[in-house]
Structures are given as structure tokens and as C-alpha cells.
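One structure is given below, encoded as C-alpha cells.
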Amino acid sequence: MRLVGFLLCTVLLLVGACDSKGGSMTKDEQFAELMKRPDIEQVEADYLKLLEDIRTELVSRIGIAPWIPKDEPITGSGCGDFPNIGGNVRRYSSGHSPGNLPDAKWADAVKIVETAAARQGFELHGAVVDRPNDHEVTFGNDYGAELLFGTAANTTLSISTGCHLTRAAKERGTPG
Amino acid sequence: MVAYGDIRKWQSGPLDTTVGDLNKRCDELLGLSDELAASGTPQGWSGKGADAARTKREDLNNRMERLVAGVAAVRRAMGEAADAVEALGHAVRETEDIAQRNHFVIKDDGSIVDNAPDTAHDPAHIDEYFRERQRVQTELADRVEQAVRRGTDVDNDLAAILSRAEKGEVDDQGATTLQAAATAGAKQGGLSTIEPPKNGTPWDNAGWWDSLSEAERKRIIADHPDWVGNLDGVPGSARDEANRNRIDDERAKLEARKRELEADLDDNWFGGLFTNADAELDQVKAKLESLDKIESTLAQPGERQLLLLNMSNERAEAAIANGNIDTADHVAVFTPGLTSTVNGSMEGYDQSMSDLRHRSEEELARYGDGGKVATVTWIGYQAPQLSAHGVLFDDNTVLDDHSAQEGAKKLAPFLNGIDASRATDPHMTALGHSYGSTTTGIALQQNTGVDNAVFYGSPGLGTNNVDKINVPTGGSYYIEARNDPVGDFGYFGIDPSHMDGMNHASAKETTLPDGRHLSESTGHSAYMADKSTSQYNLSVVVGGMPERAVRDDGKGAGDILSWPIPGTY
């Protein structure tokens with residue numbers, strides 16, 4: 001009895017476990033959704049430029065220390081939300097600007113980031129952390145990307161993209 | 001056989017000096033080439049005397065060519081022996097360092113003596129103290145054994161070449177010039193490439209790899225990648241390079257088999273009705289898809305290491321690291337469960353491991369020591385499948401722990417291999433989900449050197465007793481989400497929710513003290529969802545900050561039903 005229950009339970013769970021974003025769509029629907037989005041190469045060029053603009057402005061207008069890049073500034077993987085159709089997510093890190101961005105300048109810094117990020121369709125989603133000497137805000141866009149800007153011991157800035165096809169996959173027009 | 005005490009004293013310097021001397025001698029001999037040619041019989045001289053002189057000179061020529069061939073062979077042998085002794089010296093120093101750090105003494109006969117100072121140990125932790133002592137002692141014994149094997153091999157090879165040179169047995173291979181004789185001789189002076197130990201432990205394998213020169217390692221990765229790609233104890237970077245070298249060969253073999261099976265099926269009126277050709281064809285196609293998935297995963301930006309590639313079983317097996325297991329401060333190895341395959345699951349799990357690594361490093365940057373993390377997806381076993389055949393007729397059915405037992409036999413040395421391949425052990429965490437937690441639980445009942453374990457959505461850990469999980473006391477964690485009945489089944493041991501001594505971490509919606517909001521994961525398959533409480537808990541344990549974990553016993557209605565009756569387990 002215990003054995004039958006275990007088996008039944010496992011089957012039901014696996015059948016019902018597909019509750020992620022792309023999980024409710026068929027493979028073709030998922031691909032069609034991704035076809036509407038810009039390709040990952042375009043996204044990469046746009047987001048890297050955005051990060052560079054923000055870093056430059058923060059240094060020149062807020063006066064934070066120059067940014068120290070990370071050893072591995074770009075990482076990526078396939079898409080868990082849209083599995084097995086050749087989608088990609090990327091994570092772009094700006095490394096860190098040493099030191100805390102003072103509370104008195106935090107609001108101005110967020111305004112700079114918000115204005116620049118809006119050019120790529122990012123909207124401020126709110127504060128993740130907001131306490132003296134420790135702040136982080138998050139921005140998102142329609143493709144599921146997330147821009148994080150924060151300061152504690154150091155100031156950090158990064159973007160995680162949503163799921164995007166490669167240019168080659170979009171030109172091919174079929175799931176990879 | 002040479003003794004460990006002899007190898008300890010070996011130095012490459014004198015061998016290098018000899019190579020320098022031999023270079024000079026060889027150059028001097030080659031410099032005689034023109035003189036020898038000029039010493040021919042003068043023009044116009046004929047008769048018996050001239051014939052005798054010509055014969056004498058040819059004889060001198062031949063003797064010179066053999067001599068040069070012999071010197072060239074010895075010169076190369078000495079050079080390679082110097083490199084080998086240098087590498088062996090490094091291996092011995094690493095072994096001595098491990099011994100010294102852990103209060104062991106290695107005697108000249110290679111025996112290991114425990115020299116730990118007499119100190120009082122907490123009786124509650126005495127087992128894990130002796131377990132760790134045993135593990136280090138085994139490592140030292142295996143490393144000494146490999147150093148002696150390598151030393152003996154170098155000694156035998158060098159002695160054989162010296163002996164042949166002394167007896168004039170190095171062949172000039174029909175050379176007609178001294179330069180050609182030198183080239184021929186050098187070809188015969190190479191030392192043999194020592195193969196990995198047969199059925200070696202991870203420490204045997206590590207000891208063997210450490211004893212090789214850089215040139216030998218490169219040659220093995222290029223010419224014999226199958227020796228090291230899956231060899232536990234060899235560094236991740238070498239395994240990765242070797243396994244990437246193997247992908248094209250594996251693909252070619254599978255393509256060839258696919259063509260054969262397709263031809264068989266085309267030639268057979270009944271198709272695959274009375275043979276297994278159609279089933280095998282499906283397996284071959286799935287393996288080819290697996291290679292595609294592996295390549296696309298490796299092509300993603302950021303460092304990846306292909307630590308395992310095995311196409312010899314029914315389904316492909318592979319392990320891919322996010323990050324670098326050779327240099328990371330924290331290494332986590334994730335074992336998934338039911339229905340996991342390389343072609344169907346690697347992409348999604350790799351993303352989960354990428355997210356986990358990112359969150360863990362972010363946490364370390366914000367509140368920890370800024371350490372580096374590597375996360376490995378290990379699909380190194382034949383995980384149970386959910387087809388009717390897979391459940392009812394397969395040895396690896398989810399209804400039995402056979403697959404977990406077999407998987408554990410491979411997972412345990414994989415875990416030990418990560419420690420063995422490094423001069424300093426990283427902080428290691430084993431992660432096991434669902435049936436993969438059973439596999440992990442059984443593997444950790446061996447002596448693996450793992451520091452922390454996190455199980456989630458587990459049908460049982462292959463034991464009813466958390467003390468059987470061989471991680472330091474208090475190092476095991478369990479997460480059970482709401483509406484995950486698999487976690488209540490207690491099928492392969494009692495439900496871990498009821499295990500005394502198990503730490504319980506939360507999967508519920510949470511706001512952290514710094515204000516960060518984390519989402520709840522529900523059901524059986526959402527534990528690694530990005531920005532969930534369960535993923536956060538995984539990230540802080542992986543990053544060596546378990547005190548930051550959000551605690552919760554995760555008990556629901558299902559846990560009342562799964563409560564073990566005292567005395568029945």
C-alpha cells in the first residue's frame with residue numbers, strides 16, 4: 001500500500017509540478033513568445049552600454065570611487081522558464097565601487113540609475129533593502145530582466161536578463 | 001623497487017647537470033662529423049692499403065654513429081628523468097605537507113604513523129575525529145604508494161636505457177650521418193608514460209597525477225583523454241580539457257552506431273519488433289542529444305568544467321561545474337532524482353546551479369568573506385525514469401534503492417576526488433533533491449570529506465539515523481516545502497523531518513532582517529527557484545554561512561501521518 005501510494009504520489013507531483021512561467025505554454029507557444037523579444041546579442045550590447053553609462057554617471061556626478069571589474073563579468077545559462085528551446089539568460093556584473101555610497105546621496109544616485117534604465121524599458125520595482133548605510137533597489141522590464149543597484153560595504157550594479165533567443169535561432173525560426 | 005625514503009632524497013639538479021654535460025659531449029661528437037668526412041682516403045690512392053683504410057674508416061663511422069645514438073638516447077632519458085624527478089619532488093612535498101598539517105609522520109619505508117598530540121576529545125564527536133584521521137591516513141598511504149610506483153617506473157626506465165647505451169645496443173637505425181644517428185638515438189631515449197593506477201582510489205589517482213611532469217600531463221590529455229576525463233582525484237581543469245577532447249570521438253562512435261541500427265531496422269521486415277534495435281536506436285539518439293546539450297551548456301558565458309562524460313550506460317551521464325572546482329573556496333555538488341537525464345535536465349539544472357552560485361557569492365560579498373563558489377550538477381548515475389518499463393521492469397526503478405546504491409558508489413569517490421585533487425580542501429556541500437537525496441544520503445554514509453549536506457523533498461536518506469550521515473555533527477539540513485508529499489513518504493528510511501539532530505530550514509515566504517523579501521516554494525520541484533527562501537537557505541549553507549539560514553521545521557499535515565512509531569525503525 002505504501003509502495004502504491006509512493007508511486008501514485010510521485011506521478012501526480014511530476015505531472016503537476018510544471019508551474020514555472022513557460023511551463024503552462026506549449027513548446028511552440030514558448031518559442032513564439034521568445035521570437036517577439038530582441039535577440040540575446042542585441043540585449044547584451046544594449047545592457048552593457050546601459051551599465052557603462054550608469055557607472056560613468058555615478059562616478060562623475062555622485063563622486064563614488066572608480067569601479068573595480070569582476071574576474072568573470074559575464075555569466076549565463078539556458079532558460080529554466082523556457083526549457084529545451086535554446087533560450088539564454090545572461091548576468092552582467094559591474095564589479096564594485098569600493099566603499100559605501102553615503103545615505104545623503106542615495107536618492108540622487110537612484111534617480112540617475114532610474115533615468116538611464118528607463119531608456120531600456122526598466123521600471124523601478126522598489127527597495128530590496130533600505131536602512132542606514134545599506135540600500136538596494138530593483139528594476140525590471142517586460143522581458144523578465146532585473147537590474148540591481150545597491151550599496152553597503154561597497155556599491156554594486158548588475159543586470160540579469162530574461163530569456164532570449166540567439167540571433168541565429170531567431171533567423172532559423174525553429175526551436176534549437 | 002625503490003623505497004619512499006630514497007625518493008625523498010632524489011634531486012633533479014644532478015640530472016640536469018648531467019644533461020648539460022651530455023649536451024657538450026654530444027655537440028663535440030657531432031663536431032667531428034666534418035673531420036671524419038675529410039679523413040677519407042686521398043684521391044688517387046688505390047690498392048690493398050687504400051681498401052683497408054676505407055674499411056677502417058667505415059668501421060670508425062659506424063662506431064661513431066652508434067656512440068652518438070647512445071649519447072643522444074641517454075641525453076633525452078636524463079632530461080625526461082630530471083623532469084620526472086622534479087614532478088615527483090612536488091608530489092612528495094605535497095604529501096609531506098598534508099602529513100605535517102595533520103600530525104602524521106611518514107617513515108622511510110613508507111609506513112604512516114599517527115603522531116597527533118594527546119588531547120581530550122568531546123566523546124560526542126569522537127567518531128568523526130577518528131573518521132577524519134582514517135581518511136587522511138588513507139590519503140597519505142595512497143599518495144606514498146603512487147610516489148613509489150612512479151619512482152620505480154622512472155628508475156627502471158632510466159636504468160634500462162643506460163644499460164642499452166653502455167652495451168652499445170642503441171640502434172642508429174641505418175643512419176649515414178652523425179646528425180641522423182643522434183636523431184635516431186633520441187627516439188629511443190624517451191621514458192614510458194605511466195598509466196593511472198588500476199581501480200585506484202581518488203587519492204591514488206591524485207598521487208599519480210601529481211607525480212607527472214607538465215609535459216606528461218599535456219601528452220596524456222591530448223593522446224589519452226579517456227584515462228583522465230572521469231578519473232576522480234585529477235584536477236577539474238584537466239578533467240574538463242580531457243572530456244572536451246572526447247566529445248567529437250564519442251559523437252562519431254554514436255553516429256556510426258546510429259547508422260548501423262538504422263540499416264538493421266531498414267533491412268528487417270519486422271522492424272524492431274523481435275529485436276532491441278529500435279530501443280537501442282532511441283537510446284543512441286538520446287545520447288547524441290545529450291552531447292548537444294552538454295556542448296550548448298559549456299558554450300554559455302562564464303567558466304564551466306565538464307567533470308564527467310560517460311556514454312557506456314543506457315543513458316548518458318555527465319557532470320558540469322559552474323565555476324572552477326580547483327580554486328573555489330566553496331564547492332557544492334547537486335544530485336537530482338527521478339526522471340533526471342542529461343538531454344532533458346542538464347540545461348535547467350545548470351541554470352539553477354548558475355543562480356545558486358550567483359546568490360551564494362552575492363551573499364558572501366555582502367556579509368561573508370567574499371569567497372568564490374563552484375556549483376556542480378552531477379548526473380553521474382542512471383536515475384530512475386517514469387516510463388511504464390522504467391517503473392515496472394527496470395533495475396533502476398524508483399520503487400527500489402538499487403539506482404541510489406549504484407549512484408552512491410560513484411558519487412562518493414567523485415566527492416572525495418574534489419578534495420584529493422587540491423592541496424587545500426574547499427568547504428564542500430552535498431545537495432540532494434528527491435530520489436537524488438537518497439543517493440546522496442547513501443553516498444555520505446561513506447567517508448567523503450563533505451562538510452555540509454542539504455536534502456530537500458526527500459523520500460528518505462537510506463538511513464533512519466542522522467549520525468550515519470558522515471558530515472561534521474550539526475552539518476545536515478533538511479528543507480520540506482508545503483504540498484510536497486514526497487518529503488513525507490519516508491520510503492527509503494524515515495521522513496527526514498522527524499530525524500533527531502537534523503537541522504530544518506524553511507521554504508516559506510520570508511522577510512530577512514535586512515528587509516529582503518523571499519518567496520515561498522511549494523510542491524516538489526520549486527526548491528531551487530530564484531529568490532525563494534529555500535534557494536536562499538541553500539546559498540548560505542553552500543557559502544559556509546549556515547548561521548544565516550532561515551529555520552523552520554516545515555512540518556505539515558503529511559508529517560503527522562509520516563511520524564515514525566518509536567520502536568518500529
Side-chain angles (χ1 to χ4, degrees), chain A residues 2-20 23 40 44 70-93 95-96 126-131 134-136 138 146 148 150 152-154 156 158 160 163 166 176, chain B residues 289 292-293 296-297 299-304 322-323 338-339 343-355 357-358 361-362 365-367 370 372 384 386 391 397-399 434-435 457 459 483-486 488-491 512-517 522-526 528-531:
Chain A
R2 194 177 172 92
L3 184 129
V4 174
F6 174 58
L7 178 60
L8 186 64
C9 173
T10 306
V11 172
L12 289 174
L13 275 163
L14 286 162
V15 171
C18 210
D19 55 359
S20 61
I40 193 71
E44 180 155 314
K70 208 176 170 187
D71 292 345
E72 206 178 8
I74 304 177
T75 57
S77 64
C79 300
D81 284 349
F82 297 85
N84 297 322
I85 53 173
N88 299 271
V89 294
R90 297 277 185 272
R91 187 169 283 119
Y92 307 112
S93 168
H96 68 279
V128 181
V129 180
D130 194 14
R131 56 187 185 178
D134 191 359
H135 307 273
E136 189 170 61
T138 175
E146 182 185 42
L148 278 172
N154 300 304
T156 57
S158 66
S160 298
C163 188
T166 61
Chain B
E289 275 177 30
D292 291 343
K293 284 292 174 195
S296 63
T297 302
Q300 293 289 349
E303 186 159 14
R304 296 287 195 296
N322 254 279
L338 180 64
T339 73
N343 49 322
S345 319
M346 184 58 88
E347 181 184 20
Y349 287 141
D350 179 75
Q351 188 191 0
S352 296
M353 287 300 104
S354 172
D355 289 343
R357 177 187 174 210
H358 171 68
E361 285 191 345
E362 209 173 45
R366 206 173 177 84
Y367 299 110
K372 299 284 176 203
L386 211 48
V391 172
T397 173
V398 70
L399 304 178
S434 191
Y435 192 90
N483 298 333
D484 180 5
V486 172
D488 293 327
F489 235 84
Y491 189 74
L512 296 174
D514 63 12
R516 276 180 293 167
H517 187 75
T522 60
H524 185 59
S525 304
M528 297 192 289
D530 202 24
K531 292 183 252 180

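Every value quoted in this text rests on a predicted model; they were computed, and no experiment measured them. Per chain, numbering begins at 1; letters A, B, ... match sequence-line order.
For S354(B), the parts lying under 4.5 angstrom from a heavy atom of chain A are both the backbone and the side chain. Heavy atoms of E362(B) lying under 4.5 Å from chain A belong exclusively to its side chain. Neither the backbone nor the side chain of I40(A) comes within contact range of chain B; no heavy atom of the residue lies under 4.5 Å from a heavy atom of that chain. Looking at N154(A), there are no atoms closer than 4.5 Å to chain B (heavy atoms on both sides), in backbone or side chain. Looking at D355(B), both its backbone and its side chain come within 4.5 Å of chain A, counting heavy atoms on both sides. Contacts of E44(A) with chain B are absent, with no heavy-atom separation under 4.5 Å from either backbone or side chain.
For Q300(B) against G76(A), the heavy-atom pair with the smallest separation is CB-O, 3.6 Å. Here the shortest heavy-atom pairing between V129(A) and D514(B) reads CG1-O, 3.0 Å. Smallest separation of non-hydrogen atoms from Q351(B) and C79(A): OE1-C, 3.1 Å. The minimum heavy-atom distance linking S77(A) with D350(B) is given by the pair CB-OD2, 3.7 Å.
E72(A) places a side-chain N or O within 3.5 Å of a backbone atom of E303(B) that can act as its donor or acceptor partner.
Among residues two or more places apart in sequence or in another chain, the salt bridge (Lys or Arg N to Asp or Glu O under 4.0 Å) test is passed with E289(B) by none. Contacts of E361(B) classified as side chain to side chain contact (heavy atoms under 4.5 Å, CB included), with partners at least two apart in sequence or in another chain: K70(A), R357(B), K372(B), V373(B).
No other option in E136(A), R131(A), R91(A) has as many heavy-atom pairs under 4.5 Å with chain B as R91(A).
Residue I85(A) holds its CD1 atom at 8.5 Å from CD of E347(B), rounded to the nearest 0.5 Å.
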